[in-house]
Amino acid sequence: MVSDIILIMLLAFPSITTQPVISQQTSGVDGEWRLLHENIGISPMHMQLLRNDKVVMFDRTDAGPSNISLPFHRCRYDPFDYLLPKDCTAHSILYDTRTNTFRSLSIRTDTWCSSGAVLPDGTLVQTGGYNDGDHTVRTLVPCEDGTCDWVEFSGYLTEPRWFSTNQVLPDGRIIIVGGRLQFSYEFYPSSSLDHFAIFYNSSSFLVDFLKDTRDGVSENNFYPFVHLLPDGNLFIFVNVRSVVIDYKQNKVVKHLPPIPGDDPRNYPNSGSSILLPLDENKSIEPEVMVCGGAPREAFLNLKRAHSFARAVSTCGRIKVMDENPSWEMESMPIARVMGDMVILPNGDVIIINGAGLGTAGWDNARDPVTRPVIYHPNGPPNTRFSVMQPASRPRLYNSGAILVTDGRVLVAGSNPNPFYNFTNVEFPTELSLEAFLPPYIAKENDAIRPKIFSLDGEVMEYKKPFTVTFTVLKFLKLSRVTVRLIAPSFTTHSLGMNQRMVVLKEVRNVTSVEGSFIKTYYRIEVAGPSTAEIAPPGYYLLYLIHAGIPSPGMWVKVQ
């Protein structure tokens with residue numbers, strides 16, 4: 001009883017806030033940066049937006065004390081933490097995007113280089129980590145009353161999962177792929193023990209693929225790029241190679257050609273990857289894009305001679321389900337390693353953070369790349385990139401970026417040091433929180449920016465009609481209006497796990513409905529996603545796009 005009362009008191013610890021510091025205003029043509037907090041207490045290497053517009057952020061527990069305390073002098077006692085067995089600081093926060101406030105959360109086991117995904121009910125499931133956290137599953141259920149916190153299940157995972165990748169499946173489960181020296185996959189929730197006994201005693205093509213793509217001591221196969229395809233199979237990219245796997249039958253069904261150039265793209269060479277938007281208004285051709293990275297010997301040369309190799313400047317796109325797929329290559333305006341790729345509501349892709357020299361890892365990078373670039377997937381080749389306004393501070397190893405509901409890109413982290421080092425290092429640990437405002441948020445677009453007035457309920461059913469009512473000051477009748485769903489990503493180490501966009505099939509074109517002399521209301525009818533393979537069940541951000549400008553997002557549950 002007493003312990004329960006103490007726990008409630010701890011969870012009721014008040015949020016911390018400061019007034020956001022606004023950067024110098026720009027025209028918006030090349031974006032705008034805004035500083036939200038100079039110090040959020042931690043340097044996040046993991047971020048996930050939840051269905052209540054709160055963002056879970058966390059780093060690791062074995063980097064020494066953070067800059068934010070646990071409430072009421074609460075401490076974590078961990079005999080496995082060689083640096084700080086008694087730690088009274090927090091290593092996770094919950095940030096509210098609506099109020100610009102945050103509060104500390106409690107983590108007991110080490111989350112260093114872990115992974116995550118969100119269940120259909122909105123619960124964040126976070127898996128693995130390092131040391132005493134490598135077999136752990138942690139969950140966090142969104143709440144509005146300030147009482148939710150991490151719940152940890154030590155020993156849940158069958159294998160240690162450090163640097164693994166998570167993907168939500170059509171049945172709502174999560175598949176956990178790979179990890180350091182782990183050439184296998186498992187599921188959350190786990191199946192029966194008998195199932196796993198059968199799985200681990202059988203030969204596995206996937207095991208061979210992960211093992212075969214390992215470059216000896218350099219191990220360029222951490223954090224595999226994993227994407228769920230519309231046929232229910234998984235695309236998996238490791239090093240320079242990729243396959244399509246039927247995880248139900250545990251077999252490879254397609255080998256894809258290596259990406260040209262022989263430059264590894266996975267950690268520590270750390271490029272990034274996304275599944276380009278799936279458009280239900282036409283025949284769906286799933287296309288994966290991989291950008292950036294580092295040359296094959298970059299990591300070893302750093303260790304041997306402290307030589308920083310120039311980052312990779314190429315992006316590759318491949319239509320995975322073509323009969324004879326091939327990579328379409330193009331060059332970014334700026335070579336980049338450790339860049340984050342985020343799908344924007346209008347279907348563009350922003351590439352943000354990272355460095356021009358080196359690899360991932362402690363003190364392994366130089367030449368910070370502060371200018372984001374926006375990629376326009378549907379533009380003509382060699383004209384698809386736009387260079388944006390530079391940030392004022394570098395974001396290197398252990399930084400991240402995610403899309404939030406109003407269309408901003410939240411950027412945090414950068415701890416390229418073994419511990420929380422703020423002095424006597426090339427790049428100090430970064431505790432600030434910023435937002436990048438893409439050009440569509442510029443004031444010049446206010447007249448054509450739509451605003452969703454109402455949705456046809458909070459639940460969207462597969463294939464069922466769904467109506468969106470919206471307003472816009474200046475309706476451009478010749479422009480096409482589309483409705484899109486975005487699954488927010490779990491972002492860490494330049495990888496946005498589970499990130500996907502679905503452009504919904506239009507059932508009935510835009511019609512005007514009764515309004516007032518001040519506002520005209522418009523309505524468009526779309527269909528819910530065709531299948532759970534195209535859009536796994538769960539919470540999505542819904543955006544309406546008018547003349548290329550997105551509305552603020554609204555949450556819907558697909559089921």
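Computed from heavy atoms alone, side chains included, the values below leave out hydrogens, waters and symmetry copies. For the single chain, residues carry numbers from 1 onward in sequence order.
A distance-only check finds a donor-acceptor pair linking the side chain of Arg336 to the backbone of Asn353 [under 3.5 Å]. Between the side chain of Ser92 and the main chain of Met57, a donor-acceptor pair closer than 3.5 Å is present. Looking at Ser66, its side chain does come within 3.5 Å of a backbone N or O of Ala90 through a donor-acceptor pair. Checking side-chain atoms of Arg161 against main-chain N and O of Gly178 turns up a donor-acceptor pair under 3.5 Å. Listed for the Thr491 side chain is no donor-acceptor partner under 3.5 Å among the backbone atoms of Gly496. For Ser494 (side chain) and Gly271 (main-chain N/O), no donor-acceptor pair under 3.5 Å exists by modelled atom type. In this structure, Arg60 contributes its side chain and Cys113 its backbone to no donor-acceptor pair below 3.5 Å. Remark: side-chain polar atoms of Arg371 are paired, donor with acceptor, to backbone N or O of Met388 under 3.5 angstrom. In this structure a side-chain-to-backbone donor-acceptor pair under 3.5 Å is missing from Arg395 to Thr370. Checked by atom type and distance alone, the side chain of Arg384 pairs as donor or acceptor with a backbone atom of Gly379 at under 3.5 Å.
For the atom pair CG (Asp340) and CD1 (Ile351), the distance works out to 10.0 Å, reported to the nearest 0.5 Å. In this structure, the separation between CZ on Arg317 and CD1 on Ile274 is 9.0 Å, given to the nearest 0.5 Å. Here the straight-line distance linking atom CG of Asp279 with atom CE of Met501 works out to 10.0 Å at 0.5 Å rounding. Rounded to the nearest 0.5 angstrom, Leu410 CG and Glu434 CD are separated by 9.5 Å. Here the CG atom belonging to Asn266 is positioned 12.0 Å from the OH atom belonging to Tyr223, to the nearest 0.5 angstrom. For the atom pair Cys315 SG and Met332 CE, the distance stands at 4.5 Å (nearest 0.5 Å).
In summary, of the residues considered (Leu256, Ile259, Ile236, Val290), a side-chain contact (heavy atoms from CB on, under 4.5 Å) with Ser242 occurs for Leu256 alone. A ring-ring contact (aromatic ring centres under 6.0 Å, His included) with Phe470 holds for exactly one of Phe453, Tyr521, Tyr522; it is Tyr522.
Annotation: side chain of Val118 is not in contact with side chain of Asn498 (no heavy-atom distance under 4.5 Å). With contacts defined as side-chain heavy-atom distances shorter than 4.5 Å, the pair Leu476/Ile448 qualifies. Between Pro286 and Phe235 there is no side-chain heavy-atom pair separated by less than 4.5 Å. Side-chain contact between Val320 and Pro325 is absent, with no heavy-atom pair separated by less than 4.5 Å. In this structure, Pro439 and Glu444 have side chains that are not in contact, with every pair of non-hydrogen atoms separated by 4.5 Å or more. Here the side chains of Glu280 and Val502 are in contact, with some heavy-atom distance below 4.5 Å. Annotation: side chain of Leu542 is in contact with side chain of Met460 (closest heavy-atom distance under 4.5 Å). Residues Val404 and Asp53 have side chains not in contact (no heavy-atom distance under 4.5 Å, counting atoms from C-beta outward).
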Go through Thr111 and His91 one step at a time and tell me if the side chain to side chain contact (heavy atoms under 4.5 Å, CB included) criterion holds. CA-CA 9 Å; Thr111 51; His91 297 279; over 6 Å; no
Working note: Tyr185 + Tyr247, criterion ring-ring contact (aromatic ring centres under 6.0 Å, His included); need CA distance, chi angles, decisive distance, verdict. CA-CA 9 Å; Tyr185 59 84; Tyr247 65 89; 7.2 Å; no
Apply side chain to side chain contact (heavy atoms under 4.5 Å, CB included) to residues Gln126 and Leu140 and explain how you reach the verdict. CA-CA 8 Å; Gln126 198 277 315; Leu140 193 147; over 6 Å; no
Is there a salt bridge (charged side-chain N to carboxylate O under 4.0 Å, His left out) between Arg138 and Glu152? Walk through the geometry before answering. CA-CA 4 Å; Arg138 308 164 192 85; Glu152 303 194 33; 3.7 Å; yes
Apply side-chain hydrogen bond (donor to acceptor under 3.5 Å, both in side chains) to residues Thr314 and Arg265 and explain how you reach the verdict. CA-CA 10 Å; Thr314 57; Arg265 309 291 179 137; 2.9 Å; yes
Could you go through the side chain to side chain contact (heavy atoms under 4.5 Å, CB included) check for Gln499 and Val342 one step at a time? CA-CA 8 Å; Gln499 182 177 207; Val342 180; 3.9 Å; yes
Ser512 vs Thr520, side-chain hydrogen bond (donor to acceptor under 3.5 Å, both in side chains): CA-CA, chis, key distance, verdict: CA-CA 7 Å; Ser512 60; Thr520 301; over 6 Å; no
Run Ile402 and Gln48 through side chain to side chain contact (heavy atoms under 4.5 Å, CB included) and show every step you take. CA-CA 7 Å; Ile402 60 170; Gln48 172 74 58; over 6 Å; no
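Closest approach of Pro170 to Pro537, counting heavy atoms only: O-CD, 3.3 Å. Contact between Met45 and Thr492 at its shortest, heavy atoms only, is O-OG1, 2.7 Å. The two residues Leu433 and Ala412 come nearest to each other via the heavy atoms CD1-CB, 3.7 Å. Contact between Gly339 and Ser272 at its shortest, heavy atoms only, is O-CB, 3.3 Å. His546 and Val472 make their closest contact through ND1-CG2, 3.7 Å (heavy atoms, listed as atom of the first residue, atom of the second, distance).
Relative ring orientation between Phe225 and Phe237 is described as parallel, the plane-to-plane angle staying below 30° on a 0-90° scale split at 30° and 60°. Between Tyr267 and Phe163, the ring-plane angle classifies as tilted under the 30° and 60° cut-offs.
Salt bridge Glu144/Lys54: present, at least one basic N to carboxylate O contact under 4.0 Å. The residues Glu533 and Lys248 are annotated as not salt-bridged, no charged nitrogen and carboxylate oxygen being separated by less than 4.0 angstrom.
Between the side chains of Tyr95 and Asn100, a donor-acceptor pair is found at a separation under 3.5 Å. With hydrogens and angles left out, the side-chain atoms of Thr123 and Thr139 include no donor and acceptor closer than 3.5 Å. Thr482 and Arg484 share a donor-acceptor pair across their side chains, judged by distance under 3.5 Å alone. A side-chain donor-acceptor contact under 3.5 Å links Thr127 and Asn166. In this model, a donor atom of one side chain and an acceptor atom of the other lie less than 3.5 Å apart for Ser432 and Arg393.
Residue Lys505 places its NZ atom among 12 or fewer non-hydrogen atoms of other residues, nucleotides or ligands, all under 6.0 Å distant.
With sequence neighbours excluded, the residues satisfying ring pair (Phe, Tyr, Trp, His ring centres under 6.0 Å) with Phe58 are His46, Trp150.
For Tyr375 and Phe385, the ring centers are positioned less than 6.0 Å apart. You'll find the ring centres of His493 and Tyr397 inside the 6.0 Å limit. Phe102 has its ring centre less than 6.0 Å from the ring centre of His37.
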